[in-house]
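Fair warning: this is a prediction, and the values are worked out from it, not measured in the lab.
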Amino acid sequence: GIALCGGHTEITIGLDHPVLVGQMLGEVEPDDLVTPEGMREGDAIILTKGIAVEGTALIAREMHADLEGVVPVEVLERATAFLHDPGISIVPDARYATRAARLHAMHDPTEGGLATALYELAEASDLGLRIWPHKVHIFPETELLCRHFGLNPWGTIASGALLIGCAAQDADAVVEALRQHEIWADVIGQAVSETGVNVVEPDGSEKPMPTFRRDEVARLFE
């Protein structure tokens, strides 16, 4: 059921091996299309899996030699395997969530991490976000590796997580559906009319979410 759509080839200076690029296109009824633009005021913001799945794997794989003997072997092995467990695919997350309730928005955090994705979600919907950082699941492996290299997990490439916007009354059903399939999920914030993305501190005060000019992982290769 997959069509191979060709095709373009070229010779590029500096490459000594073939590079294949592909993409998958799907069809959906217009009423079933869920985009970041659809978020509504008052929506609950749900995060799946946690952060930063891909960033953790990249750090562990690319900096493996530097981490040997510094980070426990079992931690390094788990971090290296993050691409597959918990994995960077969000297809199951989206499938189970859409079956549980009518979703208003979905967005996948990638380069720039969760912080950048939240700003993108707010900009796309022309709304603001209030985020509760204590509700965001940061993998212990991620915290350890980021701390070792002085990186901020919130700005580290976070492929594998999915941001979901849905009516507040549907949030529990969506979270429960995901957890029933062993996908961590929780409500991490709320969409509001005021523009901007703010972090809500334990004492109730708010401050702007940090911004990242580029992904934190890029700093490893300077």
Set of residues satisfying side-chain hydrogen bond (donor to acceptor under 3.5 Å, both in side chains) with respect to Glu201, sequence neighbours excluded: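 With neighbours one apart ignored, the set is Lys207.
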Cluster overlap Val192 with Val187, hydrophobic side-chain contacts below 4.5 Å: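 Per the 4.5 Å side-chain linkage, Val192 and Val187 are not co-clustered.
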Please report the interatomic distance [atom1]([X]) to [atom2]([Y]), rounded to the nearest 0.5 Å.
{"X": "His137", "Y": "Ile188", "atom1": "NE2", "atom2": "CD1", "value": "13.0 Å"}
{"X": "His107", "Y": "Leu114", "atom1": "NE2", "atom2": "CG", "value": "9.5 Å"}
{"X": "Ser125", "Y": "Glu37", "atom1": "OG", "atom2": "CD", "value": "8.5 Å"}

Where is the tightest heavy-atom contact between [X] and [Y], given as atom of each residue plus distance?
{"X": "Leu127", "Y": "Ser193", "answer": "CD2-CA, 4.2 Å"}
{"X": "Leu118", "Y": "Val197", "answer": "O-CG2, 3.8 Å"}
{"X": "Gly113", "Y": "Asp215", "answer": "N-OD2, 3.9 Å"}

Review item, side-chain donor-acceptor pairs of residues 84-102, under 3.5 Å, at least two apart:
unit_1, atom_1, unit_2, atom_2, d
Ser89, OG, Val91, N, 3.3
Asp93, OD1, Lys49, NZ, 2.9
Asp93, OD2, Thr48, OG1, 2.7
Asp93, OD2, Lys49, NZ, 3.0
Thr98, OG1, Ala94, O, 2.8
Thr98, OG1, Arg95, O, 3.0
Arg102, NH1, Asp31, O, 3.4
Arg102, NH1, Asp32, OD1, 3.4
Arg102, NH2, Asp31, O, 2.1

Side chain to side chain, Leu163 and Leu47, heavy atoms closer than 4.5 Å: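 Yes; the side chains approach each other to less than 4.5 Å.
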Glu182, CD: over 12 other non-hydrogen atoms inside 6.0 angstrom: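 No, the 6.0 Å shell around CD holds no more than 12 heavy atoms from other groups.
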Glu111 CD: over 12 foreign heavy atoms closer than 6.0 Å: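 Result for CD/Glu111: open.
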Residue that, paired with Arg130, satisfies salt bridge (charged side-chain N to carboxylate O under 4.0 Å, His left out) out of Glu41, Glu194, Glu206: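 Considering Glu41, Glu194, Glu206, a salt bridge (charged side-chain N to carboxylate O under 4.0 Å, His left out) with Arg130 is found only for Glu206.
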Chi angles and distances behind the salt bridge (charged side-chain N to carboxylate O under 4.0 Å, His left out) call for Glu176, Arg179: CA-CA 5 Å; Glu176 180 60 25; Arg179 291 182 177 180; 5.8 Å; no
Donor-acceptor under 3.5 Å (Arg40 side chain, Ala167 main chain):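 Such a contact is absent between Arg40 side chain and Ala167 backbone.
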N/O donor to acceptor pairs below 3.5 angstrom from side-chain atoms of residues 143-162, sequence neighbours left out:
unit_1, atom_1, unit_2, atom_2, d
Asn152, OD1, Trp154, N, 2.9
Thr156, OG1, Asn152, O, 2.9
Ser159, OG, Glu54, OE1, 2.5

